Amino acid sequence: MINTDTILELDGITKRFDDVVANEDIDLSVRRGEVHGLLGENGAGKSTLMNILYGLYSPTDGTIRFNDKERSFSSPEDAIEAGIGMVHQHFMLIPRMTVLENVVLGERESPEGVASVNGIAGSVLGMFSRGRETPRERVESLAEEYGLAVDPDAKVWELDIGERQRVEVLKALYRDVDLLILDEPTAVLTPKESEQMFQTIRQLVDEGLTVIFITHKLWEIENMADRVTVLRDGRKIDTVETESVTQGELAEMMVGREVLIRMDKEPVEPGDPVLEATGITARDSRDVRTLSGVDVTVHEGEIVGVAGVSGNGQRELAECLFGFRDLENGSISVRGEDLTESPPKRFIEAGVSFVPEDRYEHGCAPELSVMHNSSVKDYRNGKFEGTAGLLDYEKMETYSEGLVEEFDIRGVSSVTETEAGELSGGNLQKLILGREMNQEPNLLIANQPTRGVDVGAIENIRKLMLEQRQNGTGVLLLSEDLDELLDVSDRILVIYEGEFVHETRPEETDKWELGMYMSTGESPAEENAQVIEEIQ
Amino acid sequence: MSLLSGIAESTVRLATPLLLAAMGEVVAERSGVLNLGVEGMMLSGALVGFAATAVTGSAVIGFFAGVIAGMSLALVHAFLCVSLKADQVISGIMITLLGTSLTTYFGQSWTGENIDGFSTIAIPALSEIPVIGKALFAITILDYLALLLVPVVWYLLFRTNIGAEIFAVGEDPETADTAGVSVFRIQYACVLIGGAFAGAGGAQLSLAFTKFWTSEMTTGIGWIAVALVIFAQWQIWRVVVGAYLFAAIDALSIRSQGSVDGQLLGQEVLTDLVNFLINPQVMETYPYIATILVLWYVMRQGNLNELGAPRAMLQSYSREQD
């Protein structure tokens, strides 16, 4: 029975990559004009399923019906032709091209006059000419209509993240799609930009578009979706009306067990200081001073949280404290040993572990195997020593397998074969954390360890940090997630424009106060209170 | 005066194969495929062009045979690199070695033969201009063709939809693919264009320049073309400037006696230095040194983006490899 209200019907979609089953027998039915949420943990197979729908992957098995016709898309070109648009999780834009060029890429817009020529002559002319005036007007009017303001002649590399996201949406709208797939569209956006994004989605749906919204954030589903389909381990769990479920129930469906979002932490008496940094001054990669004289002390068994809006010097602070960035001024000592101006190797030897903000760029070697990545901090210390000064790969393999097991890293078919870069974001983060924590560090510096990671993994990561604290490790946690900071920290420092403007304890403060310090650098004044409340 | 006009004349003629090969290389590299087989493709263009001319008696047929010879080797390169995702550097070098040895072997029987080839076409009045007249307006049809192709290639790359697609594929094939561009077709087409241009450059050498065949007659022009593309930072107009600059150095080195008579400024050291610098063998290194200087100058500022290299060059793209 085909219901004309159904725009898309996936039936028994299965996708295997060699031995790994990414999607297994998934049925999905999407109604015309709804926002359909697709919820699942990292690695649950959401993106794979949508890439199949978009013609990037071909399914091993199963059928796709779209707009009442059975389809098989062999390329994105076919999917676009049929009326499906997709905004990918990682931006699909060419930074060195202008916004307009990015939007019309692949459409072969001809100048007026040429556009009216049909047949082969027309398509040849379309290739060897270029029309930009009509497209520009169309882009401008679309941008105006949907509040997606962006300069069509700006180069994409000049745009900030929010603007790039708008270009992505424009690109899809320009192609007159009936169904728009958004793959974690808010993952990189600030709360305000996300709100704008939601506004745009609502407007699109009002005008008859259908939207599939991929996310692992429960509140976004509750806010945006009419219905939601939950995937877990490549299988479909259920499709439900959003109104009929609670966030807790959704979380349970997604993770497969009850999720503790709040942690209970046992009191630990802080010991001697492990990290003492004073007067840290540093510049960022563009040579702008981003840290001006910062002092931090972290004690044994203490988690110190650093709260701040992204770009206020957190990254530079984390990198300085690991010897990864040169100090302009100031001194750093770890357990009394002066490490000012030392290279990262000395920090590692002093027992400092580091979880960088960018896990692909600095946290791993994406093209090396899971085994290589998990042992990259241990190969020097004799742990894997074999005969004749060579490394014993069997020891490394066993160790790595243990790590995968212990930290529940999924998507690894073989530690020697699977590349770190093939893991989903959350699982890669678990690998990095596992590697760093197995060092039994004196000090752990973690920069945004749970960003872009799903609920189940967040729970694990927070637990791991609390365990470290129990073992007497000092933890410096830089995070934008205030709930996280309030939950696990013993002390919270607020960073604003490269300086600490406030120090407090979780039990003495709340999100509202922290948010105020973070965004203004000053203590909350009464007249601002209402504004903040509205934002929240 | 006659020395200058002689140098100008050989500069233009020497620039043609370099210009053709380098323009083809720009097209291929802009689609993300490095082609180090240029030298081999030029040699096969030169030999096949020469043989076809000798057999048919028509230089035009010979020229097109040379172009097709270049394209055939390019097809091998495209098949290995685009379809099979082989390493572009290895495939390219293999093709140069293959082209060199095949032409050396099959070229034996053609060595010593002569053909009429392409003759110069002098444009009345213009060719009478002193110094540059003969150089620019009394050249063969192939030299005119190379110059004519400059704006054509520029237009193709920078003013057409297909040009934008080539750029996008060279920058980020995955993004191009998701926008509905066929990465496969674009890369094949660009590599084939590169091969055709290299073959044409080789054919110009044997049909219009020397009018005889000798093994390894390209003497490294293919490699200079590869360097020239970097020197020109993948810009067509800079390729033209570079091609003439490198050709002028070449023209000078051919005419250079390799020694200066007498004492220069009365200083023996200086005379020795000048003698060293104008030694033909030393002068042959100038194009490469110039390329290194450009690399140094650009990279000194910090990043690869400013060099202008297509970002996805050397990467092979396949969809299901996430």
Side-chain angles (χ1 to χ4, degrees), chain A residues 15-18 22 47-48 51-52 54-58 74-81 85-88 90-98 100-111 114 123-132 156-157 168 171-172 174-175 285 419 421-422 424, chain B residues 27 30-32 85 87 151-186 189-190 193 233-235 301-322:
Chain A
K15 177 68 189 172
R16 284 190 205 95
F17 294 101
D18 299 323
S47 296
T48 306
N51 281 335
I52 289 173
Y54 193 58
L56 270 171
Y57 296 167
S58 46
S74 60
S75 72
E77 211 176 339
D78 297 346
I80 294 166
E81 186 74 16
M86 180 160 176
V87 174
H88 293 80
H90 307 288
F91 290 130
M92 292 292 183
L93 297 170
I94 312 274
R96 277 163 69 185
M97 297 199 340
T98 64
L100 183 63
E101 288 297 329
N102 267 287
V103 171
V104 303
L105 180 66
E107 291 292 287
R108 300 205 169 151
E109 298 289 357
S110 318
V114 173
S123 70
V124 170
L125 280 171
M127 279 165 78
F128 296 105
S129 65
R130 188 174 76 169
R132 291 296 180 263
V156 166
W157 62 263
E168 284 282 19
K171 221 167 107 180
Y174 186 85
R175 286 160 167 76
S285 338
E419 291 172 10
E422 292 169 20
S424 68
Chain B
V27 175
R30 278 196 171 264
S31 79
K85 330 278 175 215
D87 187 297
V152 172
V153 172
W154 175 83
Y155 186 84
L156 174 81
L157 288 177
F158 300 106
R159 287 294 179 273
T160 64
N161 285 318
I162 198 98
E165 291 175 14
I166 292 170
F167 183 80
V169 168
E171 286 291 300
D172 185 346
E174 191 183 9
T175 293
D177 193 9
T178 57
V181 174
S182 171
V183 175
F184 181 86
R185 269 183 243 158
I186 294 273
C190 287
I193 290 174
Q233 298 183 262
W234 292 264
Q235 299 292 332
Q301 341 251 358
N303 75 56
L304 198 63
N305 296 337
E306 285 170 40
L307 185 61
R311 223 175 269 187
M313 194 157 73
L314 295 174
Q315 292 174 10
S316 43
Y317 171 66
S318 60
R319 277 184 191 151
E320 306 206 352
Q321 221 180 36
D322 270 347

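Throughout, a chain's letter reflects where its sequence line sits, starting with A, and its residues are numbered from 1. In this text, all values refer to a predicted model and were calculated from it rather than measured experimentally. All heavy atoms count here, side chains included; hydrogens, waters and symmetry mates do not.
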Closer than 4.0 angstrom, basic N to acidic O: yes or no for A:Glu109 and A:Arg132?
no
So which part of B:Phe184 gets closer than 4.5 Å to some heavy atom of chain A, the side chain, the backbone, both or neither?
neither
Would you please name every residue forming a side-chain contact (heavy atoms from CB on, under 4.5 Å) with B:Asp177, sequence neighbours left out?
A:Leu56, A:Pro76, B:Val183, B:Tyr317, B:Arg319
Which pair of heavy atoms, one from A:Thr48 and one from A:Ala22, lies closest together, and at what distance?
CG2-CB, 3.8 Å
Report which part of A:His90 has an atom under 4.5 Å of a heavy atom belonging to chain B: side chain, backbone, both, or neither.
neither
Identify which part of A:Ile80 has an atom lying under 4.5 Å from any heavy atom of chain B, answering side chain, backbone, both or neither.
side chain
With no hydrogens and no angle check, is any side-chain donor or acceptor of A:Asn102 less than 3.5 Å from a backbone partner on A:Ile94?
yes
Quick one: of A:Glu77, A:Glu107, A:Met92, who has the most non-hydrogen atom pairs under 4.5 Å with chain B?
A:Met92
I need the residue from A:Trp157, A:Phe91, A:Phe128 with the largest number of non-hydrogen atom pairs under 4.5 Å to chain B.
A:Phe128
For B:Glu165, give me all partners under salt bridge (Lys or Arg N to Asp or Glu O under 4.0 Å), at least two apart in sequence or on another chain.
A:Arg108
